[in-house]
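Naming: A, B, ... by sequence-line order, numbering from 1 per chain.
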Amino acid sequence: MIELLRRSAAEGPDRVAIVVDEGTTTYGALLASAERVSAALIARRITRFAVLDHDAANVVALLAGSSLAGAEACQYPPTEDADEVAALASRFEHDVVVSAEPLDLPGVTVLAPSELIENGAVSRGEPPAQRPLIVLTTGTTGAPRGVRQDWNRLVRAVRRVEPAEGQRWLLAYGLHQFAGLQILMHVFAAGATLVAPAPRRPREGLAAMRTHLVTHASATPTYWRFLLAELRSDGAAVPALAQITLGGEAIPAPLLGQLSEAFPDARISQVYAASEFGSSGSQRDGRNGLSLDVLDRGDDADLAMKIVDGELWVRSRIGMLGYYGEEPVDADNWRATGDLVEIVEDRILFRGRTSEVINVGGVKVHPLPIEDRVGAVDGVDMARVYGRANAMTGAIVAVEVVAAPGADTDAIAAAIREACADLPPASRPRSVKFVDSVSMSGNKIIRRDR
Amino acid sequence: MGNSKEKAEQTVRSFIDRVKPEAGEITLDSPLYADGIGLDSLETAELSAVLEDELGSDPFTADEMPQTLADILAFYGDEVVADA
(Lines give C-alpha, C1' and ligand atoms only; values in the text may rest on other atoms or scores of the structure.)
Protein backbone atom coordinates (compact mmCIF):
# COMPACT_ATOMS: atom_id res chain seq x y z
CA MET A 1 0.00 0.00 0.00
CA ILE A 2 2.62 2.55 1.06
CA GLU A 3 4.80 1.54 -1.88
CA LEU A 4 1.96 2.20 -4.33
CA LEU A 5 1.36 5.58 -2.76
CA ARG A 6 5.06 6.47 -2.80
CA ARG A 7 5.43 5.46 -6.44
CA SER A 8 2.48 7.55 -7.59
CA ALA A 9 3.51 10.48 -5.39
CA ALA A 10 7.00 10.39 -6.90
CA GLU A 11 5.58 10.41 -10.43
CA GLY A 12 3.08 13.19 -9.77
CA PRO A 13 2.91 14.73 -6.30
CA ASP A 14 0.30 17.26 -7.44
CA ARG A 15 -1.85 14.64 -9.15
CA VAL A 16 -5.27 14.25 -7.51
CA ALA A 17 -5.47 10.96 -5.62
CA ILE A 18 -8.87 11.27 -3.95
CA VAL A 19 -11.95 13.35 -4.64
CA VAL A 20 -14.63 13.63 -1.96
CA ASP A 21 -17.62 15.93 -1.77
CA GLU A 22 -15.65 18.38 0.36
CA GLY A 23 -12.56 18.63 -1.85
CA THR A 24 -9.52 16.86 -3.26
CA THR A 25 -6.30 15.37 -1.90
CA THR A 26 -3.15 15.03 -3.97
CA TYR A 27 -0.80 12.05 -3.94
CA GLY A 28 1.87 14.24 -2.35
CA ALA A 29 -0.39 15.38 0.48
CA LEU A 30 -1.70 11.87 1.04
CA LEU A 31 1.81 10.43 1.26
CA ALA A 32 2.83 13.11 3.76
CA SER A 33 -0.23 12.26 5.89
CA ALA A 34 0.53 8.54 5.72
CA GLU A 35 4.15 9.06 6.77
CA ARG A 36 3.01 11.19 9.71
CA VAL A 37 0.50 8.49 10.72
CA SER A 38 3.31 5.92 10.63
CA ALA A 39 5.53 8.05 12.84
CA ALA A 40 2.69 8.65 15.28
CA LEU A 41 1.84 4.94 15.50
CA ILE A 42 5.47 4.07 16.19
CA ALA A 43 5.86 6.87 18.74
CA ARG A 44 2.69 5.80 20.57
CA ARG A 45 3.66 2.11 20.34
CA ILE A 46 0.37 1.29 18.67
CA THR A 47 0.69 -2.09 16.95
CA ARG A 48 -2.98 -2.69 16.16
CA PHE A 49 -6.02 -0.43 16.05
CA ALA A 50 -9.52 0.00 14.65
CA VAL A 51 -10.67 2.75 12.29
CA LEU A 52 -14.14 4.28 12.22
CA ASP A 53 -14.26 7.18 9.80
CA HIS A 54 -16.23 7.94 6.63
CA ASP A 55 -13.67 10.36 5.16
CA ALA A 56 -11.87 8.44 2.42
CA ALA A 57 -8.72 10.60 2.56
CA ASN A 58 -8.40 10.06 6.31
CA VAL A 59 -8.99 6.33 5.99
CA VAL A 60 -6.43 5.94 3.22
CA ALA A 61 -3.82 7.93 5.19
CA LEU A 62 -4.45 5.69 8.21
CA LEU A 63 -4.25 2.49 6.15
CA ALA A 64 -1.11 3.54 4.27
CA GLY A 65 0.49 4.77 7.49
CA SER A 66 -0.30 1.49 9.23
CA SER A 67 1.21 -0.47 6.36
CA LEU A 68 4.42 1.59 6.69
CA ALA A 69 4.57 1.13 10.46
CA GLY A 70 3.64 -2.57 10.30
CA ALA A 71 0.67 -1.89 12.58
CA GLU A 72 -2.50 -3.92 12.04
CA ALA A 73 -5.43 -1.71 11.03
CA CYS A 74 -9.04 -2.91 11.02
CA GLN A 75 -11.87 -0.79 9.69
CA TYR A 76 -15.23 -1.08 11.34
CA PRO A 77 -18.33 -0.77 9.16
CA PRO A 78 -20.01 2.65 9.40
CA THR A 79 -22.18 2.85 12.50
CA GLU A 80 -23.37 5.45 14.98
CA ASP A 81 -24.24 2.81 17.55
CA ALA A 82 -21.72 2.98 20.40
CA ASP A 83 -22.76 -0.46 21.66
CA GLU A 84 -21.98 -1.94 18.26
CA VAL A 85 -18.54 -0.33 18.29
CA ALA A 86 -17.92 -1.58 21.81
CA ALA A 87 -18.93 -5.10 20.75
CA LEU A 88 -16.52 -5.02 17.80
CA ALA A 89 -13.69 -3.66 19.97
CA SER A 90 -14.30 -6.45 22.46
CA ARG A 91 -14.61 -9.16 19.80
CA PHE A 92 -11.39 -8.15 18.06
CA GLU A 93 -9.54 -7.09 21.24
CA HIS A 94 -8.88 -3.55 20.09
CA ASP A 95 -7.67 -1.20 22.82
CA VAL A 96 -7.20 1.69 20.37
CA VAL A 97 -10.00 3.00 18.12
CA VAL A 98 -9.39 5.89 15.74
CA SER A 99 -12.78 7.53 15.32
CA ALA A 100 -13.97 10.69 13.61
CA GLU A 101 -16.73 10.97 16.21
CA PRO A 102 -16.19 11.09 19.99
CA LEU A 103 -16.80 7.71 21.61
CA ASP A 104 -17.03 6.64 25.22
CA LEU A 105 -15.60 3.14 25.26
CA PRO A 106 -14.46 1.91 28.69
CA GLY A 107 -10.96 0.48 28.57
CA VAL A 108 -10.37 1.70 25.01
CA THR A 109 -8.22 4.64 23.94
CA VAL A 110 -10.19 6.67 21.38
CA LEU A 111 -8.12 8.90 19.12
CA ALA A 112 -9.31 11.44 16.56
CA PRO A 113 -7.80 10.84 13.11
CA SER A 114 -6.14 14.25 13.34
CA GLU A 115 -4.11 13.09 16.34
CA LEU A 116 -2.27 10.72 14.02
CA ILE A 117 -2.54 12.50 10.67
CA GLU A 118 -1.45 15.91 11.92
CA ASN A 119 1.38 14.57 14.03
CA GLY A 120 4.54 16.64 13.43
CA ALA A 121 7.04 13.81 12.91
CA VAL A 122 7.43 11.92 9.64
CA SER A 123 8.43 8.31 9.01
CA ARG A 124 10.43 7.89 5.79
CA GLY A 125 11.73 4.37 6.33
CA GLU A 126 10.91 1.17 4.50
CA PRO A 127 7.94 -0.94 5.58
CA PRO A 128 8.62 -4.12 7.58
CA ALA A 129 8.40 -7.57 6.03
CA GLN A 130 5.12 -8.35 7.73
CA ARG A 131 2.33 -5.80 7.36
CA PRO A 132 -0.91 -7.20 8.77
CA LEU A 133 -4.43 -6.00 8.14
CA ILE A 134 -7.85 -7.21 9.21
CA VAL A 135 -10.87 -6.98 6.90
CA LEU A 136 -14.21 -7.71 8.51
CA THR A 137 -16.71 -9.91 6.72
CA THR A 138 -20.26 -8.68 6.32
CA GLY A 139 -21.57 -11.08 8.92
CA THR A 140 -24.26 -12.60 6.72
CA THR A 141 -24.57 -15.59 9.02
CA GLY A 142 -23.99 -13.84 12.32
CA ALA A 143 -21.29 -11.70 13.88
CA PRO A 144 -18.60 -10.47 11.48
CA ARG A 145 -15.37 -12.43 11.26
CA GLY A 146 -11.98 -10.85 10.94
CA VAL A 147 -10.14 -11.91 7.80
CA ARG A 148 -6.39 -11.62 8.46
CA GLN A 149 -4.55 -10.27 5.44
CA ASP A 150 -1.08 -8.98 4.67
CA TRP A 151 -0.48 -5.92 2.51
CA ASN A 152 2.28 -7.77 0.64
CA ARG A 153 -0.24 -10.29 -0.67
CA LEU A 154 -2.84 -7.66 -1.50
CA VAL A 155 -0.34 -5.49 -3.39
CA ARG A 156 0.83 -8.53 -5.33
CA ALA A 157 -2.61 -8.74 -6.92
CA VAL A 158 -2.15 -5.34 -8.62
CA ARG A 159 1.44 -5.75 -9.69
CA ARG A 160 0.46 -5.93 -13.37
CA VAL A 161 -1.73 -2.82 -13.39
CA GLU A 162 -0.56 -0.39 -16.06
CA PRO A 163 -0.14 3.35 -15.33
CA ALA A 164 -3.35 5.22 -16.19
CA GLU A 165 -3.16 8.72 -14.85
CA GLY A 166 -6.33 9.97 -16.51
CA GLN A 167 -8.65 7.32 -15.13
CA ARG A 168 -11.18 8.49 -12.53
CA TRP A 169 -12.62 5.55 -10.60
CA LEU A 170 -15.85 5.71 -8.63
CA LEU A 171 -15.68 4.19 -5.15
CA ALA A 172 -19.07 2.49 -4.87
CA TYR A 173 -17.97 0.18 -2.05
CA GLY A 174 -16.95 1.10 1.47
CA LEU A 175 -13.22 1.09 2.09
CA HIS A 176 -13.93 -1.30 4.98
CA GLN A 177 -14.97 -3.86 2.37
CA PHE A 178 -12.49 -6.03 0.51
CA ALA A 179 -13.89 -4.83 -2.82
CA GLY A 180 -13.32 -1.22 -1.76
CA LEU A 181 -9.70 -2.00 -0.88
CA GLN A 182 -9.23 -3.68 -4.25
CA ILE A 183 -10.45 -0.56 -6.05
CA LEU A 184 -8.20 1.62 -3.90
CA MET A 185 -5.11 -0.45 -4.66
CA HIS A 186 -5.92 -0.63 -8.35
CA VAL A 187 -6.31 3.16 -8.49
CA PHE A 188 -3.07 3.78 -6.63
CA ALA A 189 -1.19 1.21 -8.71
CA ALA A 190 -2.35 3.05 -11.83
CA GLY A 191 -1.68 6.51 -10.41
CA ALA A 192 -5.31 7.30 -11.16
CA THR A 193 -7.95 9.21 -9.18
CA LEU A 194 -10.47 7.79 -6.72
CA VAL A 195 -13.84 9.55 -6.57
CA ALA A 196 -15.49 8.75 -3.24
CA PRO A 197 -18.99 10.21 -2.80
CA ALA A 198 -20.87 9.85 0.47
CA PRO A 199 -23.09 8.07 1.11
CA ARG A 200 -22.18 5.37 -1.38
CA ARG A 201 -25.66 4.88 -2.82
CA PRO A 202 -26.41 4.68 -6.56
CA ARG A 203 -28.04 8.11 -6.57
CA GLU A 204 -24.94 9.78 -5.11
CA GLY A 205 -22.74 7.61 -7.33
CA LEU A 206 -24.54 8.77 -10.45
CA ALA A 207 -24.26 12.40 -9.33
CA ALA A 208 -20.53 11.91 -8.67
CA MET A 209 -20.07 10.33 -12.10
CA ARG A 210 -21.48 13.46 -13.69
CA THR A 211 -19.89 16.06 -11.40
CA HIS A 212 -16.43 14.54 -11.19
CA LEU A 213 -16.29 13.09 -14.71
CA VAL A 214 -15.86 9.50 -13.59
CA THR A 215 -14.49 7.24 -16.34
CA HIS A 216 -14.36 3.88 -14.55
CA ALA A 217 -16.75 2.34 -12.05
CA SER A 218 -16.90 -0.97 -10.21
CA ALA A 219 -19.97 -1.99 -8.24
CA THR A 220 -22.31 -4.84 -7.46
CA PRO A 221 -25.04 -5.87 -9.92
CA THR A 222 -27.60 -4.56 -7.42
CA TYR A 223 -25.91 -1.17 -7.42
CA TRP A 224 -25.86 -1.06 -11.21
CA ARG A 225 -29.53 -1.99 -11.45
CA PHE A 226 -30.49 0.85 -9.15
CA LEU A 227 -28.16 3.22 -10.95
CA LEU A 228 -29.87 2.34 -14.25
CA ALA A 229 -33.25 3.00 -12.62
CA GLU A 230 -31.98 6.40 -11.42
CA LEU A 231 -30.64 7.14 -14.88
CA ARG A 232 -33.97 6.31 -16.50
CA SER A 233 -36.00 8.32 -14.04
CA ASP A 234 -33.97 11.55 -13.99
CA GLY A 235 -33.40 11.70 -17.75
CA ALA A 236 -30.22 13.74 -17.36
CA ALA A 237 -26.92 13.21 -19.18
CA VAL A 238 -25.50 9.69 -19.32
CA PRO A 239 -22.00 9.61 -17.81
CA ALA A 240 -19.27 8.87 -20.35
CA LEU A 241 -17.98 5.69 -18.77
CA ALA A 242 -15.13 3.83 -20.43
CA GLN A 243 -15.17 0.88 -18.03
CA ILE A 244 -17.88 -0.86 -16.03
CA THR A 245 -16.96 -3.63 -13.62
CA LEU A 246 -19.36 -5.89 -11.76
CA GLY A 247 -18.60 -8.10 -8.78
CA GLY A 248 -19.72 -9.26 -5.38
CA GLU A 249 -22.93 -10.98 -6.50
CA ALA A 250 -24.11 -13.22 -9.27
CA ILE A 251 -25.13 -11.15 -12.27
CA PRO A 252 -28.77 -11.26 -13.42
CA ALA A 253 -28.76 -12.31 -17.08
CA PRO A 254 -30.44 -9.19 -18.55
CA LEU A 255 -28.17 -6.74 -16.74
CA LEU A 256 -25.15 -6.93 -19.05
CA GLY A 257 -27.32 -6.05 -22.05
CA GLN A 258 -28.99 -3.21 -20.19
CA LEU A 259 -25.60 -1.76 -19.23
CA SER A 260 -24.30 -2.09 -22.80
CA GLU A 261 -27.34 -0.26 -24.06
CA ALA A 262 -27.10 2.53 -21.49
CA PHE A 263 -23.31 2.92 -21.73
CA PRO A 264 -22.46 1.96 -25.33
CA ASP A 265 -18.83 3.11 -25.10
CA ALA A 266 -18.02 1.24 -21.91
CA ARG A 267 -16.08 -2.00 -21.75
CA ILE A 268 -17.82 -4.35 -19.32
CA SER A 269 -15.87 -6.66 -17.04
CA GLN A 270 -16.67 -8.82 -14.10
CA VAL A 271 -14.57 -9.79 -11.11
CA TYR A 272 -14.93 -12.86 -8.94
CA ALA A 273 -13.32 -12.16 -5.58
CA ALA A 274 -13.73 -12.51 -1.83
CA SER A 275 -11.80 -11.31 1.17
CA GLU A 276 -10.93 -14.91 2.00
CA PHE A 277 -9.28 -15.87 -1.29
CA GLY A 278 -8.55 -12.65 -3.16
CA SER A 279 -9.43 -11.90 -6.76
CA SER A 280 -9.58 -14.34 -9.63
CA GLY A 281 -8.93 -11.50 -12.07
CA SER A 282 -11.21 -9.80 -14.56
CA GLN A 283 -13.37 -11.40 -17.24
CA ARG A 284 -13.29 -8.74 -19.93
CA ASP A 285 -15.31 -10.26 -22.75
CA GLY A 286 -18.60 -8.72 -21.64
CA ARG A 287 -20.26 -12.11 -21.26
CA ASN A 288 -21.84 -13.39 -18.09
CA GLY A 289 -19.96 -15.87 -15.90
CA LEU A 290 -16.39 -17.11 -15.93
CA SER A 291 -14.53 -18.59 -18.85
CA LEU A 292 -13.99 -22.35 -18.52
CA ASP A 293 -10.23 -21.90 -18.74
CA VAL A 294 -10.16 -20.68 -15.11
CA LEU A 295 -10.40 -24.39 -14.27
CA ASP A 296 -7.10 -25.11 -16.06
CA ARG A 297 -4.66 -22.74 -14.41
CA GLY A 298 -2.35 -25.44 -13.12
CA ASP A 299 -0.54 -26.04 -9.84
CA ASP A 300 1.57 -22.89 -10.03
CA ALA A 301 -1.36 -20.49 -10.24
CA ASP A 302 -1.86 -17.95 -7.46
CA LEU A 303 -5.54 -18.80 -7.52
CA ALA A 304 -6.89 -22.06 -8.89
CA MET A 305 -10.50 -23.20 -9.15
CA LYS A 306 -12.43 -26.43 -9.46
CA ILE A 307 -16.08 -27.46 -9.28
CA VAL A 308 -17.21 -30.07 -6.76
CA ASP A 309 -20.85 -31.19 -6.80
CA GLY A 310 -21.94 -27.93 -8.39
CA GLU A 311 -20.01 -25.73 -5.94
CA LEU A 312 -16.95 -23.66 -6.81
CA TRP A 313 -13.82 -24.43 -4.81
CA VAL A 314 -10.61 -22.34 -4.75
CA ARG A 315 -7.00 -22.76 -3.73
CA SER A 316 -5.43 -19.36 -3.20
CA ARG A 317 -1.89 -18.20 -2.47
CA ILE A 318 -2.97 -14.57 -2.49
CA GLY A 319 -5.79 -15.04 -0.02
CA MET A 320 -6.16 -14.58 3.69
CA LEU A 321 -3.75 -15.79 6.34
CA GLY A 322 -6.72 -17.00 8.35
CA TYR A 323 -9.61 -15.76 10.44
CA TYR A 324 -8.90 -13.70 13.51
CA GLY A 325 -8.72 -15.93 16.59
CA GLU A 326 -8.42 -19.11 14.53
CA GLU A 327 -5.60 -21.26 13.21
CA PRO A 328 -3.82 -20.03 10.03
CA VAL A 329 -5.07 -21.51 6.78
CA ASP A 330 -2.83 -23.54 4.51
CA ALA A 331 -2.48 -21.72 1.19
CA ASP A 332 -2.25 -25.06 -0.63
CA ASN A 333 -5.58 -26.34 0.66
CA TRP A 334 -8.76 -26.21 -1.39
CA ARG A 335 -11.71 -24.35 0.12
CA ALA A 336 -15.40 -24.43 -0.73
CA THR A 337 -16.65 -20.96 -1.70
CA GLY A 338 -20.34 -21.54 -1.08
CA ASP A 339 -21.04 -20.35 -4.63
CA LEU A 340 -23.20 -22.70 -6.69
CA VAL A 341 -22.26 -22.82 -10.36
CA GLU A 342 -23.32 -24.55 -13.53
CA ILE A 343 -21.35 -25.05 -16.74
CA VAL A 344 -23.40 -23.82 -19.70
CA GLU A 345 -21.58 -24.26 -23.01
CA ASP A 346 -18.18 -22.56 -22.49
CA ARG A 347 -19.08 -20.58 -19.37
CA ILE A 348 -19.31 -21.11 -15.63
CA LEU A 349 -22.52 -19.42 -14.54
CA PHE A 350 -23.33 -18.54 -10.93
CA ARG A 351 -26.62 -19.92 -9.63
CA GLY A 352 -26.64 -18.64 -6.06
CA ARG A 353 -25.21 -19.56 -2.68
CA THR A 354 -25.36 -22.98 -1.07
CA SER A 355 -27.05 -21.29 1.88
CA GLU A 356 -29.75 -19.88 -0.42
CA VAL A 357 -30.96 -23.12 -2.00
CA ILE A 358 -34.66 -23.58 -1.33
CA ASN A 359 -35.85 -27.08 -0.50
CA VAL A 360 -39.40 -27.31 -1.84
CA GLY A 361 -40.79 -30.67 -0.82
CA GLY A 362 -37.42 -32.30 -1.43
CA VAL A 363 -36.74 -30.46 -4.69
CA LYS A 364 -33.72 -28.14 -4.58
CA VAL A 365 -34.50 -24.80 -6.17
CA HIS A 366 -31.86 -22.17 -6.99
CA PRO A 367 -33.27 -18.67 -6.50
CA LEU A 368 -31.12 -16.77 -8.98
CA PRO A 369 -32.68 -17.91 -12.30
CA ILE A 370 -36.08 -17.07 -10.81
CA GLU A 371 -34.83 -13.63 -9.74
CA ASP A 372 -33.68 -13.11 -13.33
CA ARG A 373 -37.17 -13.74 -14.63
CA VAL A 374 -38.93 -11.67 -12.00
CA GLY A 375 -36.45 -8.83 -12.37
CA ALA A 376 -37.18 -8.64 -16.10
CA VAL A 377 -40.92 -8.04 -15.55
CA ASP A 378 -42.08 -4.52 -16.36
CA GLY A 379 -42.63 -2.49 -13.21
CA VAL A 380 -40.19 -4.51 -11.07
CA ASP A 381 -37.33 -2.37 -9.82
CA MET A 382 -35.83 -5.02 -7.55
CA ALA A 383 -36.68 -8.55 -6.53
CA ARG A 384 -35.48 -11.06 -4.00
CA VAL A 385 -36.37 -14.73 -4.22
CA TYR A 386 -36.19 -16.74 -1.02
CA GLY A 387 -37.59 -19.80 0.69
CA ARG A 388 -40.68 -19.18 2.78
CA ALA A 389 -41.48 -21.76 5.43
CA ASN A 390 -44.60 -23.76 4.62
CA ALA A 391 -46.50 -26.42 6.50
CA MET A 392 -47.23 -28.44 3.36
CA THR A 393 -43.89 -28.59 1.55
CA GLY A 394 -41.35 -27.35 4.09
CA ALA A 395 -40.75 -24.25 1.96
CA ILE A 396 -42.16 -22.52 -1.06
CA VAL A 397 -40.52 -20.10 -3.45
CA ALA A 398 -41.43 -16.57 -2.37
CA VAL A 399 -40.63 -13.20 -3.92
CA GLU A 400 -40.27 -9.77 -2.40
CA VAL A 401 -40.67 -7.07 -5.01
CA VAL A 402 -39.82 -3.38 -4.98
CA ALA A 403 -42.23 -1.99 -7.58
CA ALA A 404 -41.55 1.02 -9.75
CA PRO A 405 -43.27 4.16 -8.47
CA GLY A 406 -46.93 4.24 -9.51
CA ALA A 407 -46.94 0.69 -10.87
CA ASP A 408 -50.07 -1.51 -10.60
CA THR A 409 -49.04 -4.22 -8.15
CA ASP A 410 -51.88 -6.60 -9.09
CA ALA A 411 -50.78 -6.43 -12.72
CA ILE A 412 -47.15 -6.98 -11.72
CA ALA A 413 -48.05 -10.02 -9.60
CA ALA A 414 -49.96 -11.51 -12.55
CA ALA A 415 -47.06 -10.76 -14.89
CA ILE A 416 -44.62 -12.44 -12.50
CA ARG A 417 -46.75 -15.60 -12.46
CA GLU A 418 -46.95 -15.53 -16.23
CA ALA A 419 -43.19 -15.03 -16.57
CA CYS A 420 -42.54 -18.08 -14.38
CA ALA A 421 -45.35 -20.30 -15.67
CA ASP A 422 -43.03 -22.55 -17.68
CA LEU A 423 -40.64 -23.19 -14.78
CA PRO A 424 -40.85 -26.53 -12.99
CA PRO A 425 -43.75 -26.38 -10.52
CA ALA A 426 -41.47 -26.29 -7.44
CA SER A 427 -39.62 -23.27 -8.87
CA ARG A 428 -42.67 -21.11 -9.50
CA PRO A 429 -43.16 -18.28 -7.01
CA ARG A 430 -46.04 -19.14 -4.70
CA SER A 431 -45.93 -15.94 -2.68
CA VAL A 432 -45.44 -12.43 -4.06
CA LYS A 433 -45.12 -9.52 -1.65
CA PHE A 434 -44.58 -5.88 -2.45
CA VAL A 435 -42.18 -4.10 -0.14
CA ASP A 436 -40.33 -0.79 0.08
CA SER A 437 -36.91 -2.41 0.43
CA VAL A 438 -35.36 -5.82 0.01
CA SER A 439 -32.54 -7.44 1.93
CA MET A 440 -29.94 -8.74 -0.49
CA SER A 441 -27.11 -11.21 -0.05
CA GLY A 442 -24.22 -10.06 2.10
CA ASN A 443 -26.55 -8.24 4.52
CA LYS A 444 -27.05 -5.37 2.11
CA ILE A 445 -30.37 -3.60 2.47
CA ILE A 446 -31.62 -2.09 -0.74
CA ARG A 447 -34.15 0.68 -0.31
CA ARG A 448 -36.00 2.77 -2.76
CA ASP A 449 -35.87 6.29 -1.34
CA ARG A 450 -38.18 8.45 -3.31
CA MET B 1 -65.02 -5.20 6.99
CA GLY B 2 -66.30 -8.77 7.48
CA ASN B 3 -65.72 -11.74 9.74
CA SER B 4 -62.86 -14.20 9.39
CA LYS B 5 -64.99 -16.91 7.81
CA GLU B 6 -66.33 -14.56 5.14
CA LYS B 7 -62.86 -13.30 4.36
CA ALA B 8 -61.45 -16.83 4.26
CA GLU B 9 -64.17 -17.97 1.86
CA GLN B 10 -63.57 -14.97 -0.38
CA THR B 11 -59.81 -15.66 -0.32
CA VAL B 12 -60.18 -19.36 -1.16
CA ARG B 13 -62.66 -18.77 -3.97
CA SER B 14 -60.50 -16.05 -5.46
CA PHE B 15 -57.45 -18.33 -5.26
CA ILE B 16 -59.23 -21.25 -6.93
CA ASP B 17 -60.58 -18.97 -9.65
CA ARG B 18 -56.97 -18.06 -10.43
CA VAL B 19 -55.21 -21.42 -10.23
CA LYS B 20 -58.07 -23.79 -11.17
CA PRO B 21 -60.42 -21.83 -13.42
CA GLU B 22 -61.66 -25.13 -14.83
CA ALA B 23 -62.92 -26.30 -11.43
CA GLY B 24 -66.44 -24.97 -11.97
CA GLU B 25 -68.85 -24.35 -9.12
CA ILE B 26 -67.32 -24.83 -5.65
CA THR B 27 -69.51 -25.88 -2.76
CA LEU B 28 -68.59 -25.96 0.89
CA ASP B 29 -68.22 -29.72 0.65
CA SER B 30 -66.24 -29.90 -2.57
CA PRO B 31 -63.07 -31.94 -1.97
CA LEU B 32 -60.04 -29.71 -2.33
CA TYR B 33 -57.72 -32.35 -3.82
CA ALA B 34 -57.58 -35.11 -6.40
CA ASP B 35 -61.21 -36.09 -6.92
CA GLY B 36 -62.58 -32.61 -6.42
CA ILE B 37 -61.05 -29.26 -7.19
CA GLY B 38 -57.74 -30.96 -7.91
CA LEU B 39 -55.25 -28.86 -5.94
CA ASP B 40 -51.83 -30.50 -5.96
CA SER B 41 -49.38 -30.24 -3.08
CA LEU B 42 -47.70 -27.06 -4.35
CA GLU B 43 -51.00 -25.36 -5.05
CA THR B 44 -52.14 -26.33 -1.56
CA ALA B 45 -48.90 -24.91 -0.16
CA GLU B 46 -49.61 -21.70 -2.05
CA LEU B 47 -53.15 -21.56 -0.69
CA SER B 48 -51.84 -21.94 2.86
CA ALA B 49 -49.43 -19.01 2.29
CA VAL B 50 -52.22 -16.86 0.81
CA LEU B 51 -54.48 -17.58 3.79
CA GLU B 52 -51.69 -16.75 6.20
CA ASP B 53 -51.05 -13.46 4.40
CA GLU B 54 -54.72 -12.51 4.32
CA LEU B 55 -55.90 -13.75 7.70
CA GLY B 56 -52.72 -14.06 9.78
CA SER B 57 -53.10 -17.79 10.39
CA ASP B 58 -53.07 -20.92 8.26
CA PRO B 59 -55.43 -23.92 8.68
CA PHE B 60 -52.84 -26.22 7.10
CA THR B 61 -50.70 -25.92 10.24
CA ALA B 62 -53.50 -27.51 12.30
CA ASP B 63 -53.43 -31.17 13.32
CA GLU B 64 -56.19 -32.10 10.89
CA MET B 65 -55.49 -31.15 7.30
CA PRO B 66 -58.56 -29.46 5.73
CA GLN B 67 -60.28 -31.59 3.10
CA THR B 68 -62.98 -29.15 2.01
CA LEU B 69 -63.75 -25.46 1.95
CA ALA B 70 -65.96 -26.05 4.99
CA ASP B 71 -62.96 -27.46 6.88
CA ILE B 72 -60.98 -24.32 6.10
CA LEU B 73 -63.79 -22.05 7.24
CA ALA B 74 -64.19 -24.06 10.44
CA PHE B 75 -60.60 -23.18 11.34
CA TYR B 76 -61.45 -19.49 11.43
CA GLY B 77 -63.64 -17.82 14.02
CA ASP B 78 -66.41 -15.30 13.60
CA GLU B 79 -64.41 -12.27 14.73
CA VAL B 80 -64.61 -9.20 12.55
CA VAL B 81 -61.52 -8.54 10.46
CA ALA B 82 -60.46 -5.59 8.32
CA ASP B 83 -60.10 -5.99 4.58
CA ALA B 84 -56.49 -6.37 3.44
Taking atom types as modelled, which donor-acceptor pairs link chain A and chain B at under 3.5 angstrom?
unit_1: A/R388; atom_1: NH1; unit_2: B/D53; atom_2: OD1; d: 3.1
unit_1: A/R388; atom_1: NH1; unit_2: B/D53; atom_2: OD2; d: 3.1
unit_1: A/R388; atom_1: NH2; unit_2: B/A49; atom_2: O; d: 3.4
unit_1: A/R388; atom_1: NH2; unit_2: B/E52; atom_2: OE1; d: 3.0
unit_1: A/R388; atom_1: NH2; unit_2: B/D53; atom_2: OD1; d: 2.8
unit_1: A/N390; atom_1: ND2; unit_2: B/A45; atom_2: O; d: 2.9
unit_1: A/N390; atom_1: ND2; unit_2: B/S48; atom_2: OG; d: 2.9
unit_1: A/R430; atom_1: NH1; unit_2: B/E46; atom_2: OE1; d: 3.1

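In this view, A/A389 satisfies the side-chain contact (heavy atoms from CB on, under 4.5 Å) rule with no residue, not counting sequence neighbours. Partners of A/P369 under the side-chain contact (heavy atoms from CB on, under 4.5 Å) rule, at least two apart in sequence or in another chain, are A/R351, A/H366. For A/F350, the ring pair (Phe, Tyr, Trp, His ring centres under 6.0 Å) criterion is met by A/Y272, not counting sequence neighbours.
Atom CG of A/D378 has 12 or fewer heavy atoms from other residues, nucleotides or ligands within 6.0 Å. The environment of CG in A/D346 is crowded: more than 12 heavy-atom neighbours from other residues, nucleotides or ligands sit within 6.0 Å.
Neither the backbone nor the side chain of A/V397 has a heavy atom closer than 4.5 Å to any heavy atom of chain B.
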